[in-house]
Amino acid sequence: MCNITPVYLQKSSTTGYYWLLLLISLYVGWYFYYLNLYAVDVPYIDDYDAILEYLLTYGKVDGWSKFKSLFLPHSEHILIMTRIAGWVNYALAGHISFRHLLLVGNSLLVLQLGLLYTLFRPSLRFSPVYFFLVALVFLNPQYSPTSFWAMALWSNIWVLIPVTLCTFILTRPKQWHWTIPLAILAQFSNGNGMMIWPVGVFVLFMDQRPLRHYLTWIITGIISCSGYFYVMSQHPAAGTFEISNPVMAPLNFLAFIGSYAALVGGIGGQIMAVLTGSLVVTVSFLTLRNYRKSNDRTALILLSLMLFICLTALSVALFRAEKGMNIIIGGRYRHYSSLAVAISLLMGFRFITFRVSRWISFVPWTIAVVVTALSYFRDIGLRLTTEWMTVADYYNFLHNQLDVYTVDGTPRFGKTALKAHQTGLYNVPLRYDLKEQLKIAALLKFKPMHQLERNEETKVDKTVCGNYWLLKEPQFQFPPSSKEAFYAVLSQGSRHYVFPTSSTRNNWLAMLKERRYFKKGLEAEVFDCHISMLNARIEWLQTGHKPTLYLTNSIITVNP
């Protein structure tokens, strides 16, 4: 029996690795198919100044000036890797391709997943296949602007790579000094990269390092941070580092960490996020207690990564809470929450040494699969309407020199879009070229049945003036193909202003009964912040392989 058992265990373990490799390969392949399907080759919000305007400004300067420009701040961040990614993409292709930036940037997530795998220890209780749980949690299809936003991707996600490598090397006493350049790179890649310095102090303290290690690390950190804030002081930005809503900081902190679980909107999603964040923090404290007994290197790395996420959560809870909890559990931060939950799973695999019922072991698998499936299906409309908004914004910037959501029209974005177009720095693909779609669209007279409402309110998802007309057309249906789109077109003479449409998702029972994901009817928020839309003619544009422009005789009036 003694001779047979090791062979049996080795065979079982090898089979587990084969299954893990198969599942990971299939899932990662599907994940990039999903990214390629929804990645929009159009600049999104800060991409205009963080990438396009930057390259236009420093494209022809000398080498030293180019190097210094890498450290120019963007709001409260210094985005050195975002700048480098833009330069490399431009040098290789001769123009900027945001789709390429998105697809290559998302490979950083796969690299981070590979680093997490080195922290997973298969056992008789947890076979190699259990790491697939970590992959489901970390690489999840919850809609996140970060995944489809080049500037945020190459800063928010990239910063995890040098930070993770720092925690790996810091735990090796003979090699730890190599972390200093990595820490500096992390700090100048995104604002929260600065958190690596207190994380390093935590590692040195827990590992009981000699005094010279502390002094070297702390002095280097002070010099690096002083340089960071000196650069920031040379380019001051309004509202930077202002504490807001401190009373809600504890709940915001937990909601940030647990936003992975916010599967519904409103108060329900906030409660789910706070509860999940509390669970993650509890698991971390249990791991910390066990580490004090074992001094295990892997546990220290996991704790260090969790500390980095917690410090990032605290900074967001203090400095980005001016718009309430919605921004805390918003899409741009969910990758950090997914990483926190994934790390808590790795922690759980380590300190659960008791026998677990087979039925109980199915619980995490069920939760991860359900969350992954629901995350994909619930956000189909959000992914597509965000794409339409991005495309419509580019049209208005380029052809109207106007940001329709602001009082001043954000003229710098319009100038950037026009100059990038004229110099060939960026060329919009035909699929997203609404001017060409309007030109070739078949004209169809249409008798509208729309409703028009006047609204004045403050939006929490983006900065807007708050004045808009809510235009509803019950005769249209959300297009079945992701390659088609619907826009409201407001015409004043020869000038067209384009606004994205949206629809309401059916409940699950109605989906089964009507076989439709969305309710019939489309609506558009027609903003008249900088340019009044009164007396504008209402038209509708359906884009795709055969675009159609629906002509009406309706105009926006004071009393609709």
Side-chain angles (χ1 to χ4, degrees), residues 40-60 69 72-75 79 82-83 86 90 95-98 101 145 148-152 235 237-238 385-439 459 461-469 485 487-500 524-534 536 539 541 543:
V40 184
D41 193 3
V42 177
Y44 180 71
I45 310 181
D46 290 14
D47 289 343
Y48 285 93
D49 45 7
I51 297 178
L52 288 183
E53 184 182 3
Y54 169 73
L55 292 175
L56 287 169
T57 304
Y58 297 96
K60 296 182 180 180
S69 72
L72 289 173
H74 177 79
S75 297
L79 312 173
T82 302
R83 314 291 199 196
Y90 177 58
H95 62 273
I96 285 294
S97 171
F98 289 95
L101 286 174
F148 301 96
W149 183 1
M151 185 279 293
H235 304 82
T385 53
T386 302
E387 173 186 321
W388 301 355
M389 183 193 73
T390 304
V391 175
D393 284 350
Y394 180 77
Y395 174 90
N396 291 319
F397 285 140
L398 180 61
H399 300 291
N400 297 321
Q401 300 290 288
L402 175 68
D403 181 352
V404 296
Y405 301 104
T406 60
V407 175
D408 65 354
T410 319
R412 72 182 192 278
F413 281 6
K415 292 178 182 178
T416 297
L418 180 59
K419 191 172 181 180
H421 173 75
Q422 292 173 340
T423 60
L425 174 63
Y426 170 70
N427 300 304
V428 62
L430 179 61
R431 173 183 171 185
Y432 306 120
D433 188 348
L434 294 187
K435 184 177 182 179
E436 185 65 23
Q437 293 277 321
L438 283 167
K439 184 186 299 184
K459 294 286 183 178
D461 55 344
K462 60 188 296 186
T463 303
V464 298
C465 69
N467 305 321
Y468 68 96
W469 302 89
Y487 299 92
V489 181
L490 279 295
S491 301
Q492 293 179 335
S494 60
R495 190 173 291 272
H496 303 287
Y497 301 95
V498 181
F499 297 86
E525 293 178 347
V526 178
F527 286 81
D528 57 357
C529 307
H530 187 62
I531 300 293
S532 174
M533 293 298 163
L534 281 174
E539 298 170 336
L541 174 65
T543 65

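The side chain to side chain contact (heavy atoms under 4.5 Å, CB included) check on D433 picks up V428, K435, E436, with sequence neighbours excluded. Residues passing the ring-ring contact (aromatic ring centres under 6.0 Å, His included) test with Y432: none are found, sequence neighbours excluded. Residues forming a ring-ring contact (aromatic ring centres under 6.0 Å, His included) with F499 (at least two apart in sequence, or on another chain): none. In this structure, the side chain to side chain contact (heavy atoms under 4.5 Å, CB included) partners of L534, at least two apart in sequence or on a different chain, are W469, S532, I556, V558. For the ring-ring contact (aromatic ring centres under 6.0 Å, His included) test, residues two or more places apart in sequence or in another chain that qualify with H399 are Y395. When the side-chain hydrogen bond (donor to acceptor under 3.5 Å, both in side chains) test is applied to D408, the partners found at least two apart in sequence or on another chain are T406. Residues passing the salt bridge (charged side-chain N to carboxylate O under 4.0 Å, His left out) test with D528 are R454, sequence neighbours excluded. Every residue meeting the side chain to side chain contact (heavy atoms under 4.5 Å, CB included) condition with T390, not counting sequence neighbours, appears here in chain and number order: V42, Y44, T386. In this structure, the ring-ring contact (aromatic ring centres under 6.0 Å, His included) partners of Y394, at least two apart in sequence or on a different chain, are Y426. Remark: Y497 engages no residue in a side-chain hydrogen bond (donor to acceptor under 3.5 Å, both in side chains) (not counting sequence neighbours). Legend: residues meeting side chain to side chain contact (heavy atoms under 4.5 Å, CB included) with S491, ordered by chain and number and at least two apart, are V489, H496, R537, E539. For R495, there are no salt bridge (charged side-chain N to carboxylate O under 4.0 Å, His left out) partners, not counting sequence neighbours.
The two residues V404 and C529 make their nearest non-hydrogen contact at O-SG, 3.6 Å. Of all non-hydrogen atoms in P500 and A392, the two that sit nearest each other are CD-CB, 4.1 Å. Across every non-hydrogen atom of A536 and L490, the tightest pair is CB-CD1, 3.8 Å. Contact record, K415 with Q401: N-OE1, 3.6 Å, taken as the closest heavy-atom pair.
R83 places a side-chain N or O within 3.5 Å of a backbone atom of A50 that can act as its donor or acceptor partner. Looking only at distances, no side-chain donor or acceptor of H95 sits under 3.5 Å from a matching main-chain atom of L425.
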### Task
Run the numbers on T82 and Y54 for side-chain contact (heavy atoms from CB on, under 4.5 Å), then give the verdict.
CA-CA 10 Å; T82 302; Y54 169 73; over 6 Å; no
### Query
Going through the distances and angles, do D393 and F413 end up as a side-chain contact (heavy atoms from CB on, under 4.5 Å)?
CA-CA 10 Å; D393 284 350; F413 281 6; over 6 Å; no
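For the pair Y58 and L72, the minimum side-chain heavy-atom distance is below 4.5 Å. W149 has its side chain within reach of D47: a pair of non-hydrogen atoms, C-beta onward, lies under 4.5 Å apart. A 4.5 Å side-chain heavy-atom check between Y468 and V526 finds every atom pair outside the cut-off. Taking the side chain as every heavy atom from C-beta outward, Y487 and V391 approach each other to under 4.5 Å. Annotation: side chain of F397 is not in contact with side chain of T416 (no heavy-atom distance under 4.5 Å).
Taking the ring axis of Y48 as reference, the NZ or CZ atom of R412 does not stay both within 45° of it and closer than 6.0 Å to the ring centre.
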